[in-house]
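Atoms within a ligand are numbered from 1 in the order they appear, just like the ligands themselves. The figures here come from the full heavy-atom set of this structure, side chains too, leaving out hydrogens, waters and symmetry mates.
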Amino acid sequence: MIQQLEAILEEAKAKIRQASDLNELGDLKALYLGKKSAFSAAMQDMRMMSESERPLFGQRINAIKAELSTLLEQAKTQIEKAVIEQKLQSEAVDITLPGKPIRLGATHLVTQIIEEIENLFVGMGYTIEEGPEVELDKYNFEMLNLPKDHPARDMQDSFYITEETLLRTHTSPVQVRAMLANHNQRPFKIICPGKVYRNDDEDKTHSHQFSQIEALVVDENTSLSDLKGTLLLLARTLFGEERQIRMRPSFFPFTEPSVEVDISCHRCNGAGCSLCKGTGWIEILGAGMVNNAVLSMAGYDPEKYQGFAFGVGVERVAILRHAVDDIRQFFVNDMRFNRQFR
Ligand code: DAH
């Protein structure tokens with residue numbers, strides 16, 4: 001019997017050597033090492049052998065099975081290797097080809113300026129507030145002391161959605177929302193960046209959409225000089241340490257007194273040039289002390305509290321600082337324009 005088994009072993013070895021894929025090997029494994037293999041059957045037959053024959057025979061069968069096992073494993077590894085080799089060959093990439101340059105994105109100039117202003121004010125303890133762009137007439141106008149039919153509404157041509165809702169024309173309604181939502185925090189200091197919309201005809205200096213940042217401080221003993229100090233810091237942060245500011249009387253329904261704020265021209269340093277139209281000064285924002293009517297509508301006692309506020313146009317700052325000649329450049333996403341401000 002042992003000769004017969006040795007013959008089967010030789011035959012198995014030959015077949016394993018020839019096997020060319022993993023399925024074939026699997027079949028061979030079942031055939032020669034499985035329960036129904038000749039070797040398993042031989043193990044069963046051992047029961048009928050004499051005590052003296054049995055150990056030698058058993059050892060031989062176990063050795064044969066071990067040998068086959070090893071051979072199968074080796075063949076398997078080899079086939080797997082060959083498969084990988086073949087894949088590497090067929091999917092080879094020419095790593096010497098030059099790569100495609102990857103263009104890095106950059107922050108848009110408008111966003112950069114918003115972030116500069118946010119950093120300045122967050123550093124002074126202000127929190128950032130946001131409000132909806134589709135706003136109620138009540139917050140955009142009425143509670144800012146602009147009742148229906150108030151002539152000053154004409155200063156801000158509006159996109160109405162319904163009688164009571166519109167695209168906000170300024171970030172000032174966020175003041176109202178924030179004041180209504182919070183009476184506990186003192187001093188109350190917020191800035192509100194965001195997009196605003198006006199029903200204006202577009203040209204080099206007008207766009208139906210632009211960005212503003214609103215600032216509001218409410219506290220006891222807040223004065224116009226606090227506002228002035230804050231604006232001086234803002235002007236110097238945005239336009240350089242040498243800047244001076246001046247305030248001119250103005251009118252906004254939500255502030256009293258109201259001021260228009262100019263900075264000394266950063267191009268000619270106040271001497272007079274085309275940018276400042278020879279005056280040495282450039283208007284950059286509107287501001288004032290929060291009107292008592294606005295404070296009381298928002299639930300603050302104007303006998304006890306005062307506030308200052310201002311609203312600055314972000315694109316205007318960008319246009320002045322970087323000599324941009326057309327506000328529409330900020331919205332058309334011409335990469336040649338955008339890339340200049342990385
Ligand atoms: N909301 C005004 C505008 O869009 C800007 C403004 C002026 C905001 C004075 C203020 C302020 O907070 O006090 O024209």
> What residue and heavy atom of the protein are closest to atom 2 (C) of ligand 1, and at what distance?
Replying inline: Phe254 CZ, 3.8 Å

> With atoms numbered from 1 as shown, which atoms in ligand 1 lie under 4.0 angstrom from a non-hydrogen atom of Gly288?
Replying inline: 13 (O)

>> Has Arg60 got a side-chain atom pairing as donor or acceptor with Leu5's backbone, closer than 3.5 angstrom?
In response: no

>> Counting only heavy atoms closer than 4.0 Å, does ligand 1 sit against the backbone of Met155, its side chain, both, or neither?
In response: neither

> With a cut-off of 4.0 Å, which atoms of ligand 1 are near a heavy atom of Arg198?
Replying inline: 3 (C), 4 (O), 14 (O)

> Side chain, backbone, both or neither: which part of Ser172 has a heavy atom under 4.0 Å from ligand 1?
Replying inline: side chain

>> Under 4.0 Å from a heavy atom of Gly286: which atoms of ligand 1 are those, numbered in the order shown and with their elements?
In response: 6 (C), 7 (C), 9 (C), 11 (C)

>> Does anything in residues 98-107 form a salt bridge (Lys or Arg N to Asp or Glu O under 4.0 Å)? List the pairs, not counting sequence neighbours.
In response: none

> Under 4.0 Å from any heavy atom of Thr255, which atoms of ligand 1 are there?
Replying inline: 13 (O)

> Of all the atoms in ligand 1, which lie at a distance below 4.0 Å from a heavy atom belonging to Phe252?
Replying inline: 7 (C), 9 (C)

> Do ligand 1 and Ala309 have nitrogen or oxygen atoms that lie under 3.5 Å from each other?
Replying inline: yes

> Does the side chain of Phe330 reach to within under 4.5 Å of the side chain of Val314, using non-hydrogen atoms?
Replying inline: no

> Is Arg198 salt-bridged to Asp200, going by a charged N under 4.0 Å from an acidic O?
Replying inline: no

>> I'd like the name of whichever of Gln156, Arg168, Met289, Glu214 reaches closest to atom 3 (C) of ligand 1 through any heavy atom.
In response: Gln156

> Taking atom CD of Glu130 as the centre, does the number of heavy atoms from other residues, nucleotides or ligands within less than 6.0 Å exceed 12?
Replying inline: no

> With a cut-off of 4.0 Å, which atoms of ligand 1 are near a heavy atom of Gly311?
Replying inline: 6 (C), 8 (C), 10 (C), 12 (O)

> How would you list all residue pairs meeting ring pair (Phe, Tyr, Trp, His ring centres under 6.0 Å) that involve residues 190-229, not counting sequence neighbours?
Replying inline: none

>> Checking salt bridge (charged side-chain N to carboxylate O under 4.0 Å, His left out) between Asp219 and each of Arg186, Lys304, Lys189, which is the one that passes?
In response: Arg186

>> With a 6.0 Å cut-off (strictly less than), is the heavy-atom count around NZ of Lys76, excluding the residue itself, greater than 12?
In response: no

> Can you list the ligand 1 atoms lying under 4.0 Å from a non-hydrogen atom of Gln212?
Replying inline: 3 (C), 4 (O)

> Between Met289 and Leu224, is any pair of side-chain heavy atoms under 4.5 Å apart?
Replying inline: yes

> Can you list the ligand 1 atoms lying under 4.0 Å from a non-hydrogen atom of Gln175?
Replying inline: 12 (O)

